[in-house]
Novice: 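Have a look at this one.
Note that the numbering runs from 1 along the sequence shown for the chain. As the structure lists them, so they are numbered: ligands from 1, and atoms in each ligand from 1.
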Amino acid sequence: MRKKFIVGNMKMNKLPSEIGPYIERLKPLVKDAEGDVVLCVPSTNIQNAVLHTKGTNIKVGAQNMYWKAQGAFTGAVSPLMIKDLGAEYVLVGHSERRQLFIETDWSVNKKVAAALEYGLTPIVCIGENLEQRAHNRIEEVIIVQLSLALRDIPKHDIHKIIIAYEPLWAIGTGQTPKKEEVNEIIGWVREKIRTSYGEKIAEEMIIQYGGSVNATNSKRFFNMPEIDGGLVGGACLEPEEFAKIINYND
Ligand code: 13P
């Protein structure tokens, strides 16, 4: 039985000085959470986030990284640096990175491999845009993104990867697909994992939903059998609302 996995993606929000007070408010509200809780913060906030989550059930992740360990890559942050600060997760291929920072399926694949090499858990984002959806291309688009992200990753590492299905048109819009549709689409992703890597890995794999998840709709999504929790953007910025999402069954 897979555990629910709830990740907050703070995007480019909160100052390094604000993340400690935020976590101190979140901590008591989620201490009895049944699922796993991860907070993906800006790289500047990782150190404080790790400090304030020590000894709690909240884990820390980064939102991006380069795939090299060190070197002449001005402005980039490496998996080793993230790991050294105490983060355990990293978002890879978020649609904002793909759209605004020209991240490609190729670079996503490099980052997945690097995250695994340096002991970080990659949370790989896939999802269709509105036009692809209108042309009934959802399955094709997400399966291609998935296959390219996992290309040449050894089979024994696949179960360590988390997938987040985030349709682009649902991000930050307040619009969401129906829970049955998300359940079906995540089922396609799991089926692809099953045919490529076998039943056991497919059953272990955490596959989340992201896109306008909030305290009102989280229960609806997270109680579906294929949906292993969520990747939460805007609604994670207030600890009280994020806690309600995490404690969706209360
Ligand atoms: P929203 O929850 O703000 O729609 O963002 C979703 C997202 O992009 C999480 O990574």
Novice: How long is the gap from CE on Met224 to CD on Glu180, to the nearest 0.5 Å?
Specialist: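 Those atoms lie 5.0 Å apart.
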Novice: Under 4.0 Å, heavy atoms only, figure out whether ligand 1 is touched by the backbone of Ala170, its side chain, both or neither.
Specialist: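 It is the backbone that gets close, since no side chain atom is under 4.0 Å.
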Novice: Can you list the atoms of ligand 1 that are under 4.0 Å from a heavy atom of Ile171?
Specialist: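 Selected atoms, number and element: 4 (O), 5 (O), 6 (C), 8 (O).
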Novice: Counting non-hydrogen protein atoms only, what is the nearest one to atom 7 (C) of ligand 1? Give residue, atom name and distance.
Specialist: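 The closest one turns out to be Glu166 OE2, 3.0 Å.
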Novice: Which residue holds the protein heavy atom closest to atom 5 (O) of ligand 1, what is that atom called, and what is the gap in Å?
Specialist: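 Nearest protein contact, heavy atoms only, for atom 5 (O) of ligand 1 is Lys11 NZ, 3.2 Å.
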Novice: Does some non-hydrogen atom of Gly210 fall short of 4.0 Å from ligand 1?
Specialist: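 No, Gly210 has no heavy atom closer than 4.0 Å to ligand 1.
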Novice: Any N or O of Gly234 that comes nearer than 3.5 Å to an N or O of ligand 1?
Specialist: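 Yes.
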Novice: Closer than 4.0 angstrom: is that true for some heavy atom of Gly172 and an atom of ligand 1?
Specialist: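 A heavy atom of Gly172 does come that close to ligand 1.
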Novice: Counting only heavy atoms, which portion of Asn9 has something under 4.0 Å from ligand 1: side chain, backbone, both, or neither?
Specialist: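 The answer is the side chain of Asn9.
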Novice: Who's the nearest protein heavy-atom neighbour of atom 2 (O) of ligand 1, and how far?
Specialist: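 Here the closest protein heavy atom is Gly233 N, 2.9 Å.
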Novice: May I ask whether Ala164 has any heavy atom positioned less than 4.0 angstrom from an atom of ligand 1?
Specialist: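 No, Ala164 has no heavy atoms under 4.0 Å from ligand 1.
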Novice: Between Asn109 (side chain only) and Arg151 (backbone N and O only), is there a donor and an acceptor less than 3.5 Å apart?
Specialist: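 Between the backbone of Arg151 and the side chain of Asn109 there is a qualifying donor-acceptor contact (under 3.5 Å).
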